[in-house]
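Worksheet for the structure shown next.
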Protein chains: 2
Amino acid sequence: MSRASERAYNNIRSMILSGELQPGSQIREEALAELCGVSRTPVRDSLRRLEAEMFIRRNDSQRSFVADWSLDDLEDAFQLRAMLEAHAAKRAASRITREQLGQLRFHNAQLKQAIDMPNPDVPKFLDHNRQFHAIILAAAASERLTNMLAQVTEQPVVLRTARHYDLENLRRSHHDHDELLIAFDKRDGAWAAAVMTGHIRRAFHAYAEAHSTDTEIRKSKLAA
Amino acid sequence: MSRASERAYNNIRSMILSGELQPGSQIREEALAELCGVSRTPVRDSLRRLEAEMFIRRNDSQRSFVADWSLDDLEDAFQLRAMLEAHAAKRAASRITREQLGQLRFHNAQLKQAIDMPNPDVPKFLDHNRQFHAIILAAAASERLTNMLAQVTEQPVVLRTARHYDLENLRRSHHDHDELLIAFDKRDGAWAAAVMTGHIRRAFHAYAEAHSTDTEIRKSKLAA
DNA sequence: TGGCAGCTTATTGTATACAAATGGCATTCG
DNA sequence: CGAATGCCATTTGTATACAATAAGCTGCCA
């Protein structure tokens, strides 16, 4: 993707993810074009992409709105994600290389280190967590699967902080990763898939809690 | 989608599916624009969409090519499709209405009729088959799932005729549908999912055979 | 007062012109 | 003779102007 187009896409996407563009609010191409410092053309490209990724919806007369996810939508996305990531884990179990296993161990050690200290370094945890999952996906070796997972991995919820600072959850995540490592080591795809399913389901419940809180807050703001 | 854009998308897509645009061949925006009788703008929209759907790939310098699927790619797509359709069947089992069940029965009866005659009406079979699956997807009630399935359902293989005229396969499909109906009737999601998995796996093997033949033919044409 | 018609304005869709980047070819130099 | 470099042709990216369409408003009529 070229410069202007990429900038527009990343800008708009992060504005949605961060909540700067409020769920449900209308989107005007020209306004975004000005915000991003590009013309409407690359903005339109980005909107189309984001629409495919379901971050944006359009009504029947082609106007765009920031997607407003219900709890059901969120669960739906997570259900698909759990299924796809479990599938990735299963595929990875029979394909992963010694080197990739080593990388997984490295990142899991790092993310443990990030939270096993008086002042937990959550961004560091998240970064190594992301890389951990990326390596599994790479080992699964399915471009289609990668594309599909990208569509359900990022959630447009503002209050992700709530989840991130729940240390108990982070520790459990680390533990799941450890178990995944053993399953991979034993080339046990079924086990890896099962662990991964639980791993993602837990994430869902953490998100769901944050989402409810967020929705409550937004509702009371509207009422005020 | 508006007129010009929609026309361009459908035209290009069907040119790819029909093989009119050969796998691996380069695509030039302006040439397609002329073919479709529109400007480059809607053509570019369409190309982006088709790229997301993996019908088109781009090299690192942004040039577009018609996707050329290996047998592995095909299997990969079918594996995902089997998983997603099984998931749809499972969800449908607990949500499907009496009315939808009736529609399923109707379409399955129709598609049986289409092949239970001296001169089988394959297009009719395919149409009712499509509707049968569409109803299940609707009963599954997940927009995301619907979108994802759309991405792996159509296969850019020319020789689909080979499969379509294998009556034995078509009869087995009908039988699978029958079994699905019973599973739905009993609200047995696990059973429905299992039947659907087998249903799609069989389709894969039929496709794979046609694909191999097709690839052989293309290779020998290149050699000549 | 309520609703509908027609106009006005806002917004998106399409075409086109121009800019940027890439690939291929030819020429030149080692 | 082969490889590297610079130029030209081709192709894609971006901006902008204009067309089409939909929404909202105003005023009229029942």
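In the text below, chain A, chain B and the rest are named by the order of the sequence lines, each starting its count at 1.
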B:H107 meets the ring-ring contact (aromatic ring centres under 6.0 Å, His included) criterion, sequence neighbours left out, with B:H128

Hits for ring-ring contact (aromatic ring centres under 6.0 Å, His included) against A:F184, two or more places apart or cross-chain, chain-then-number order -> none

How many Å lie between [atom1] on [X] and [atom2] on [N], as a whole number?
X     : N      : atom1 : atom2 : value
B:R40 : D:dG13 : CZ    : C1'   : 7 Å
B:I27 : D:dT11 : CD1   : P     : 13 Å
A:Q26 : D:dA22 : CD    : P     : 14 Å

Residue set satisfying side-chain contact (heavy atoms from CB on, under 4.5 Å) with A:S5, at least two apart, ordered chain then number -> A:M1, A:S2, A:P42, A:D45

Applying side-chain contact (heavy atoms from CB on, under 4.5 Å) to A:D73 and not counting sequence neighbours gives A:W69, A:S70

Residues in residues 42-50 of chain A with a heavy atom under 4.0 Å of DNA chain D, by number, are A:P42

Taken in chain and number order and not counting sequence neighbours, the residues that satisfy side-chain hydrogen bond (donor to acceptor under 3.5 Å, both in side chains) with A:R201 are A:E75

Residues passing the side-chain hydrogen bond (donor to acceptor under 3.5 Å, both in side chains) test with A:Q103, sequence neighbours excluded, are none

Residue set satisfying salt bridge (charged side-chain N to carboxylate O under 4.0 Å, His left out) with B:R202, at least two apart, ordered chain then number -> B:D176

Let me check something: any side-chain donor-acceptor pairs from residues 136-143 of chain A under 3.5 Å, sequence neighbours excluded? List them with distances.
{"from": "A:S142", "atom 1": "OG", "to": "A:L145", "atom 2": "N", "distance (Å)": "3.1"}
{"from": "A:S142", "atom 1": "OG", "to": "B:D76", "atom 2": "OD1", "distance (Å)": "2.9"}
{"from": "A:S142", "atom 1": "OG", "to": "B:D76", "atom 2": "OD2", "distance (Å)": "2.6"}
{"from": "A:E143", "atom 1": "OE1", "to": "B:R57", "atom 2": "NH2", "distance (Å)": "2.7"}
{"from": "A:E143", "atom 1": "OE2", "to": "B:R57", "atom 2": "NH2", "distance (Å)": "3.3"}

Under a 4.0 Å heavy-atom cutoff, the residues of residues 57-65 of chain B touching DNA chain C are B:S61, B:R63

Outermost contacting nts on DNA chain C, any atom under 4.0 Å from chain B heavy atoms, listed 5' then 3', are C:dG13 to C:dG23

So ring pair (Phe, Tyr, Trp, His ring centres under 6.0 Å) across residues 71-98 of chain B, not counting sequence neighbours, yields B:F78-B:F204, B:F78-B:Y207

Between B:E29 and B:R3, whichever has its closest DNA chain D nucleotide further toward 5' is B:E29

Can you tell whether the side chains of A:D127 and A:K124 come within less than 4.0 Å, N to carboxylate O? no

